[in-house]
Amino acid sequence: MKIAVIGAGMAGLTLAQRLKAEVTVLEKSHGVGGRMSTRHADPFHFDHGAQYLTIRTRAFKASMRPHIESGLLQQWKPRVLTLNAGEQPYKRDWFEPHYVAAPEMNALAKSLAEGISIQLQTEVTALVRHGEQWDIQTGDGQILGPYDWVISSAPAPQTRLVFADLYSGQTVPKQATMRACYTLMLGLAQPLKLKFDAAMVKNSPIRWISVNSSKPGREAPFTLVVHSDNDWAETHLEDDQDEVRHTLLMELQRQLAIDLASPAHIALHRWRYAETSVPAGKNYLIDTRNHLAACGDWCIRGNVEAAFTSAHLLAARVNKLT
């Protein structure tokens with residue numbers, strides 16, 4: 001039994017670990033992790049996707065326990081504020097542990113990827129049915145396969161494009177919608193004296209500010225990671241990217257009341273599919289007739305644990321069928 005898994009984020013890697021078959025993971029990027037990613041611009045490092053993860057379910061706790069015990073996952077205890085222009089900042093409490101991978105967020109994905117067959121820089125563009133099996137067409141003209149099952153862990157819109165009208169439950173994926181986000185990354189030669197390590201921002205193009213270098217295991221110089229508001233990002237998704245970067249930088253300076261006009265490093269990343277606004281409403285999607293399936297955080301809720309849960313449950317179902 002040969003299975004192709006599309007995507008090497010938390011969901012795809014969890015699937016590959018648990019499926020009792022010959023699994024190949026196809027990832028369009030140059031590394032694993034998906035939105036659990038880290039950007040390098042030496043000497044600066046930025047967790048520009050998922051900022052942390054929480055652990056609530058028994059299955060996820062069991063899966064993450066070895067990583068906590070090894071020190072790969074460490075609890076982050078930042079000073080957290082809520083910022084709202086014209087009002088005094090107020091303290092925000094976190095009532096459960098928040099974990100980060102050390103020394104960077106994609107260290108967890110790299111650990112999960114060990115021993116898995118992964119083809120990087122391989123974009124899946126189409127599926128072609130041959131009898132009871134699937135061939136996969138890639139963006140560079142390759143034909144891969146045949147595979148007995150194809151499972152997508154890509155974001156909902158990308159899964160919808162790849163499956164096209166081949167998936168008999170096509171109306172189900174259309175229920176899931178995702179929104180964009182911009183990430184602004186700043187590396188500074190000298191640390192800022194801020195009253196927070198992480199801040200939620202209200203009534204602003206910015207939603208989140210974190211001192212990335214405050215996370216456990218980080219030894220790089222002072223870094224800031226800024227996430228935009230999702231609705232704002234959707235409105236400005238196709239704007240000139242230099243203008244987007246400038247707008248977010250000006251807003252950051254306004255929120256911090258600090259001049260950041262000349263950082264040592266500044267970069268912008270556009271996430272087209274960052275936040276699940278409407279989940280699919282099912283733990284996973286499966287077409288047992290055509291041997292297609294899909295999973296991801298967008299099935300349940302937009303966070304790391306949801307991606308794990310969706311893949312964990314789907315793997316158990318597929319194992320019973322194969």
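For the pair T54 (side chain) and H98 (backbone), a donor-acceptor distance under 3.5 Å is absent. The backbone N or O of T223 sits less than 3.5 Å from a side-chain atom of S213, completing a donor-acceptor pair. The main-chain N or O of L108 is never found under 3.5 Å from a side-chain atom of S111 such that the two would form a donor-acceptor pair. With hydrogens and angles disregarded, a donor-acceptor distance shorter than 3.5 Å links the side chain of E234 to the backbone of A180. At least one donor-acceptor pair closer than 3.5 Å links the side chain of T122 to the backbone N or O of L120. For the pair R92 (side chain) and A199 (backbone), a donor-acceptor distance under 3.5 Å is absent. Not a single donor-acceptor pair under 3.5 Å links the side chain of E27 to the backbone N or O of I118. A side-chain donor-acceptor contact under 3.5 Å links W134 to the backbone of N290. A donor-acceptor pair under 3.5 Å links the side-chain atoms of T183 to the main chain of H48, judged by distance alone. In this structure a side-chain-to-backbone donor-acceptor pair under 3.5 Å is missing from T24 to S117.
Side-chain contact of S37 with N106: a donor-acceptor pair under 3.5 Å is absent, judged by distance alone. A side-chain donor-acceptor contact under 3.5 Å links H312 and R18. In the model, T177 has a side-chain atom that pairs as donor or acceptor with a side-chain atom of S277 under 3.5 Å. If you check the side chains of S210 and N212, you find no donor sitting under 3.5 Å from an acceptor. For H45 and D42, the side-chain atoms include at least one donor-acceptor pair closer than 3.5 Å. Side-chain N/O atoms of N283 and S310 include no donor and acceptor closer than 3.5 Å. Between the side chains of N203 and N84, at least one donor-acceptor pair of N or O atoms lies under 3.5 Å. Counting only N and O atoms by type, the side chains of Q121 and S29 include no donor and acceptor under 3.5 Å apart.
For the pair R79 and D197, the salt-bridge criterion is met [side-chain N within less than 4.0 Å of a carboxylate O]. Between E275 and R301 no salt bridge is recorded (no basic side-chain N to carboxylate O distance below 4.0 Å). Taking the charged nitrogens against the carboxylate oxygens, R272 and E238 do have a contact shorter than 4.0 Å, which makes a salt bridge.
W94 and Y52 have tilted rings, their planes meeting at an angle from 30° to 60° on a 0 to 90° scale. A parallel orientation is assigned to the rings of Y167 and F163, their planes being inclined by less than 30° (bins at 30° and 60°).
Between L53 and N303, every side-chain heavy-atom pair lies at or beyond the 4.5 Å cut-off. Under the 4.5 Å side-chain criterion, counting only non-hydrogen atoms from C-beta, K195 is in contact with L81. Inter-residue side-chain proximity for M64 and Y99 is flagged as unmet; no heavy-atom pair is nearer than 4.5 Å. Residues I136 and V150 have side chains in contact (heavy-atom distance under 4.5 Å, counting atoms from C-beta outward). The side-chain heavy atoms of D259 and Q253, taken from C-beta on, include a pair separated by under 4.5 Å. Residues V244 and L184 are not in side-chain contact: their nearest non-hydrogen atoms beyond the backbone lie 4.5 Å or more apart. With a 4.5 Å cut-off on side-chain heavy atoms, H227 and Q51 count as touching. Side chains of R317 and I286 form a contact here, defined as non-hydrogen atoms less than 4.5 Å apart.
Across D47 and V225, no two heavy atoms sit closer than the pair O-CG1, 3.7 Å. Contact record, M105 with A50: CG-O, 3.6 Å, taken as the closest heavy-atom pair. Taking both residues in full, the closest heavy atoms of A264 and A189 are given as CB-N, 4.2 Å, listed atom of the first, atom of the second, then distance. Nearest heavy atoms, A154 versus W298: O-NE1, 3.0 Å. Minimum interatomic distance between T159 and A294 (heavy atoms only, all atoms of both residues): CG2-CB, 3.9 Å. The minimum heavy-atom distance linking Y284 with C295 is given by the pair CB-CB, 4.3 Å.
Within a 6.0 Å sphere centred on CD of E96, heavy atoms belonging to other residues, nucleotides or ligands number more than 12. Within 6.0 Å of NE2 on H130 lie more than 12 heavy atoms contributed by other residues, nucleotides or ligands. Other residues, nucleotides and ligands contribute at most 12 non-hydrogen atoms within 6.0 Å of the NE2 atom of H246. Around the NZ atom of K77, the shell of radius 6.0 Å holds no more than 12 heavy atoms that belong to other residues, nucleotides or ligands.
In the hydrophobic clustering of ILVMFWY residues, with side-chain heavy atoms under 4.5 Å counting as a link, L249 and V226 come out together. Both V124 and L144 are assigned to one and the same hydrophobic cluster, defined by single-linkage of ILVMFWY side chains at heavy-atom distances under 4.5 Å. When the side chains of ILVMFWY residues are joined at heavy-atom separations under 4.5 Å, either directly or via intervening members, V318 and V25 end up in a single hydrophobic cluster. When hydrophobic clusters are built by joining Ile, Leu, Val, Met, Phe, Trp and Tyr residues whose side-chain heavy atoms come closer than 4.5 Å, directly or via intermediates, I6 is grouped together with M178.
I116 contributes atom CD1, which lies 5.0 Å from atom CD of Q17 (distance to the nearest 0.5 angstrom). The distance from atom SG of C181 to atom CG of L237, rounded to the nearest 0.5 Å, is 11.0 Å. Rounded to the nearest 0.5 Å, atoms NE2 (H269) and OG (S228) are 11.5 Å apart. L161 CG to T125 OG1: the interatomic distance, rounded to the nearest 0.5 Å, is 11.0 Å.
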For this session: List the steps and the verdict of side-chain contact (heavy atoms from CB on, under 4.5 Å) for L248 and Y182.
Result: CA-CA 9 Å; L248 291 176; Y182 282 106; 3.9 Å; yes
For this session: Evaluate the ring-ring contact (aromatic ring centres under 6.0 Å, His included) criterion for residues H291 and W149: first the C-alpha distance (whole Å), next the side-chain angles of each, then the deciding distance (0.1 Å), finally the verdict.
Result: CA-CA 5 Å; H291 290 182; W149 279 78; 4.5 Å; yes
For this session: Could you give me the CA-CA distance, side-chain angles and deciding distance for T288 and L321, then say whether side-chain contact (heavy atoms from CB on, under 4.5 Å) is met?
Result: CA-CA 8 Å; T288 57; L321 294 171; 3.7 Å; yes
Exercise. Does the side-chain contact (heavy atoms from CB on, under 4.5 Å) test come out yes or no for T235 and W232, once each step is laid out?
Worked result: CA-CA 5 Å; T235 301; W232 187 89; 5.8 Å; no
For this session: Please step through side-chain contact (heavy atoms from CB on, under 4.5 Å) for the pair L224 and L194, ending with a clear verdict.
Result: CA-CA 11 Å; L224 290 174; L194 302 177; 4.2 Å; yes
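Each of R218, R39, K215, K110 was evaluated against E104; a single residue qualifies, K110, per the salt bridge (charged side-chain N to carboxylate O under 4.0 Å, His left out) test.
Because its NZ or CZ atom is not both nearer than 6.0 Å to the ring centre of W271 and within 45° of the ring axis, R35 does not count as a cation-pi partner of that residue.
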